[in-house]
J.: 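Here it is, the structure, as structure tokens.
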Amino acid sequence: MDFHLEFVQLYLHSPDPEMVIPAFIAFTFRLLAAAHLLTFITSYVTVSQGAQEIFKLLPHTFVDAEKLPELSAGKSLPPHHQSTRRAFQLYGCVVTSKDMVAPKDPSRCFDKADYYAHPEHYRPVFHERIAPYASAIVNCMYWERRFPRLLSIDQLQQLMKNGCPLVGISDITCDIGGSIEFVNKSTSIERPFFRYDTSTNLYHDDMEGDGVICLAVDILPTEFSREASQHFGDILSRFVTSLASAKGLLELPSHLRRACIAYTGKLTPLYEYIPRMRKTMIELPPTPANSLPDKKYTTLVSLCGHLFDKFLINEALDIIETAGGSFHLVKCDVGQSIDDMSYSELEVGADDTTTLDKIIDSLTSIANAHRGDPNAAEISLKIGRVSECGIDDSMDKVGPKVLILGAGRVCRPAAEFLTSYQNIDQVHVVVASLYQKDAEETVDGIKNATAAQLDVSDTESLSNLVSQVDVVVSLLPASFHAAIARVCIELKKHLVTASYVDDSMSKLEQAAQGAGVTILCEMGLDPGIDHMLSMKMIDEAHALNGKIKAFTSFCGGLPSPAAANNPLAYKFSWSPAGAIRAGRNPAVYKFLGEIIDVDGSKLYESAKRLRLPELPAFALEHLPNRNSLMYGDLYGISKEASTVYRSTLRYEGFSEIMAILAKIGFFDAENHPLLQETDRPTYRIFLNDLLDVNNVSTSNTKVNGEETGGHDDELISRLMMLGHCKEKELAVKILKTIKFLGLHEETQIPKDCSSAFTVICQRMEQRMAYGHNEQDMVLLHHEVEVEYPDGRPTEKHQATLLEFGKTENGRPTTAMALTVGVPAAIGALLLLQNKVQRKGVIRPLEPEIYIPALEILEASGIKLIERVET
């Protein structure tokens, strides 16, 4: 498939200054896209808006970043573009920071504010997601050296080796060696281009050879149009008179006096913070051990607000120094406009805790004084953990040491269990996270636990920490585990995870055995406790010559009954996206000897009612959970059990509502045309579109013989007439859900929602989150039907775990965190005690693991109820 553009000569030396910038931009677009498919514009800033205006004058189509692979392959093009004739068409993609970087921790989502505050926690992805499809890049974004580059020299060279169609770069920012690293010089109006040959790493002024064409005219901002020049001059002239006539600083108007940085060769009082902050950076460079060596006690203070334009930083520094403390500037990010907040991190030190407490109290007072007053310069304050310098020798302490990787909700119960367990020498725990503050919050108040900052993708740093401990517990996402396991195998350290064994982990079996290392996986709730209960029940039956006739397992994380107070009777403590996608997975299980396959699109419709006699107050339902057959193999019962079924629990009615939402189209992940427009639709308009309001007449419609009217009745009527609901009672229930989620509201849908799926996720995340004092609940229930060959009656063995979230000392802990974190910690404990003899990549299916683990679990307060019926 060939795409061509007619080339039009543009005359750049126009006598009219208004034509210069448009001519350059248009010339750049025409030249760089002459033989290729895509043109890219980075950022939404004003410069980018101007570039887009010119771009829109050309035959064009804007596309979203996620569509680039299929667009490049020609899969999504309009029919009239899928021909071999010459076409005159440009494709543009406006790229923002979320397309340029991704969190190093894949369990986190991109957050613009977090990225600006902590760019070191993000990795560049522009060269992976965007650049491979670009024929031209127009770079309009603001960039500082603390941020990842848009394109490095190495990345560009590799891209071109891989056949990237990039023809040229228009770098309007002109940051030499900056966000576009290979732009090594600026260009002029007369000679606007140079050529960079990636194969030879050489630069050329001619356009005759291979390479990427670069435009970097650094005086473009001076090429104002007449109107802009006149407007700017009129504003500037108002200040010139005052500046020229003033004989002293005090004679200046207040707004100019506050803007005056230096006078008579000295900094003005408002800007005296500059040398004070620079002094700490020059004279006291940070060291890993202690960045304030002359002070015994330190804490990290984070300040956010209008620190510099309102000069609140002066007030903060005065407080520290007046009290006899000192400070070291760790980080400083200054807002780029009058509306932007600035952010500073200071390590504050003092000789004693009394002085440090006084400093903290005073800083807290100024933050409180500015809070809530619309006319005040607001400042927010966050205080870190106080450290006593020179005594953090956690790695030198005698006794077993466990490294916990991660700092989510699950980590704290694991750390608390290990540090408080009595039947072993004192265990010291190190919690390591990509974010130091997260790790500090996790270990706050836990004796014998310390925090560490660690990027697990940095193999050297990971190896350094792992080498100093006895056992590693990884509570990070499963995608990290193989790399962590390889380090543990190399250093001969045992590893525990709560995640499923995938192919990448299975491949390490031989290496782990050879090193004498145990990689204990699936040591959480599900998988974890469910495995251990299952094997206990199955092994006990086999020991009595019993045969397993049926195995069924039900497990779910739910809101407690008091918190199940919405139409779906469900809540999220994380992004709803994962849970919704899980509800679209296919499933397979065995029932009475027959293999049952459930299509992912029909999963919700396959839900069945469940009542547990020992828990009569719970109205539940269950859905098949992926592949149950593999558990028959794992548990060794495939040949004897006619039923093998694992399921997910929900409160009754959940699946019925989710199935209807799916039919309406809310789980469709494709970009929706209404959400691609500049003018954002309201939730109501979007709902009407999904319900096909323009094609279904619903005014004063009779439903079951009753005439309806009004918007609510109209929605009920649509749901029934489109076949989504067969009964009015169900349609009313769906309407209540729609209204609860706000999907009927006359509020504009946010710009980051591009599909029906992202709309429903955004609404569920807002409306279905746990409240401050609400508790979650975990329910696990196993049933094993056992036959005996000697005529004894068939027995039904049952085991149930019911756990609720709790709050102790004002700190909430979810039931899910307890039932995942504590089993993982028990796994580490058993490895510390050398009670696990088997090496390699294993699950907790053997008696040497599940017998002591279940006993310790019950002793820790997580109760398991077992009973037998005949």
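The figures that follow rest on heavy atoms only: side chains count, while hydrogens, waters and symmetry mates do not.
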J.: So, using side chain to side chain donor-acceptor pair (under 3.5 Å) as the criterion, who are the partners of Asn671 when residues are at least two apart?
T.: Asp64, Glu66, Ser754
J.: Applying side-chain contact (heavy atoms from CB on, under 4.5 Å), name anything that partners Pro119, two or more places apart in sequence or on another chain.
T.: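 Pro119 satisfies side-chain contact (heavy atoms from CB on, under 4.5 Å) with Tyr115, Arg146, Phe147, Pro148 once adjacent residues are dropped.
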J.: In Å, rounded to the nearest 0.5 Å, how long is the span from CZ of Arg486 to CG of Leu462?
T.: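 The CG atom of Leu462 is 11.0 Å from CZ of Arg486, to the nearest 0.5 Å.
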J.: Do Trp143 and Arg149 come within less than 4.5 Å of each other through their side chains, counting heavy atoms only?
T.: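 They are in contact (side-chain heavy atoms under 4.5 Å apart), so the answer is yes.
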J.: Distance check, rounded to the nearest 0.5 Å: Leu215 atom CG versus Ile172 atom CD1?
T.: 8.0 Å
J.: With sequence neighbours left out, write down each residue that passes side chain to side chain donor-acceptor pair (under 3.5 Å) with Glu181, or none if nothing qualifies.
T.: none
J.: How long is the gap from CG on Leu166 to CG on Leu151, to the nearest 0.5 Å?
T.: 7.5 Å
J.: Measuring from atom OG1 of Thr459 to atom CD1 of Ile484, what distance do you get when rounded to the nearest 0.5 angstrom?
T.: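 Here the rounded value is 10.0 Å.
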J.: Who passes side-chain contact (heavy atoms from CB on, under 4.5 Å) against Ala432, sequence neighbours left out?
T.: Leu403, Leu405, Ala452, Leu454, Leu465
J.: Residues in side chain to side chain donor-acceptor pair (under 3.5 Å) with Thr758, at least two apart?
T.: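 Scan of Thr758 (side chain to side chain donor-acceptor pair (under 3.5 Å), adjacent residues dropped) gives Ser755.
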J.: Can you tell me how far CG of Leu356 sits from CD1 of Ile320, rounded to the nearest 0.5 angstrom?
T.: 9.5 Å
J.: Can you list every pair that meets salt bridge (Lys or Arg N to Asp or Glu O under 4.0 Å) and has a residue in residues 192-205, with sequence neighbours left out?
T.: Lys185-Asp205, Arg195-Asp206
J.: With sequence neighbours excluded, tell me which residues meet salt bridge (Lys or Arg N to Asp or Glu O under 4.0 Å) with Asp318.
T.: Arg276
J.: If you measure only the distance, is there a donor-acceptor pair under 3.5 Å linking the side chains of Ser199 and Asp210?
T.: no
J.: With sequence neighbours left out, what residues match His121 under ring pair (Phe, Tyr, Trp, His ring centres under 6.0 Å)?
T.: His118, Tyr435
J.: Is it true that, when you exclude Lys98 itself, more than 12 heavy atoms of the residues, nucleotides or ligands shown sit nearer than 6.0 Å to its NZ?
T.: no
J.: List the residues meeting side chain to side chain donor-acceptor pair (under 3.5 Å) with Ser457, not counting sequence neighbours, and say none if there are none.
T.: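 Counting only residues at least two positions away or on another chain, Ser457 forms a side chain to side chain donor-acceptor pair (under 3.5 Å) with Asp455.
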J.: Return the set of residues passing salt bridge (Lys or Arg N to Asp or Glu O under 4.0 Å) with Glu490 (not counting sequence neighbours), or none when no residue passes.
T.: none
J.: Are any side-chain N or O atoms of Asp458 and backbone N or O atoms of Glu460, one a donor and one an acceptor, separated by less than 3.5 Å?
T.: yes
J.: Return the minimal non-hydrogen interatomic distance between Val95 and Met100, and the atom names on each side.
T.: O-CE, 3.6 Å
J.: Could you measure the distance from the CG atom of Leu156 to the CD1 atom of Ile169? Nearest 0.5 Å is fine.
T.: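 It is 7.0 Å, given to the nearest 0.5 Å.
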J.: List the residues meeting salt bridge (Lys or Arg N to Asp or Glu O under 4.0 Å) with Glu128, not counting sequence neighbours, and say none if there are none.
T.: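 With sequence neighbours excluded, Glu128 shows a salt bridge (Lys or Arg N to Asp or Glu O under 4.0 Å) to Arg123, given in chain and number order.
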J.: Who pairs with Tyr203 by ring pair (Phe, Tyr, Trp, His ring centres under 6.0 Å), at least two apart in sequence or on another chain?
T.: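 Counting only residues at least two positions away or on another chain, Tyr203 forms a ring pair (Phe, Tyr, Trp, His ring centres under 6.0 Å) with Phe194, Tyr196.
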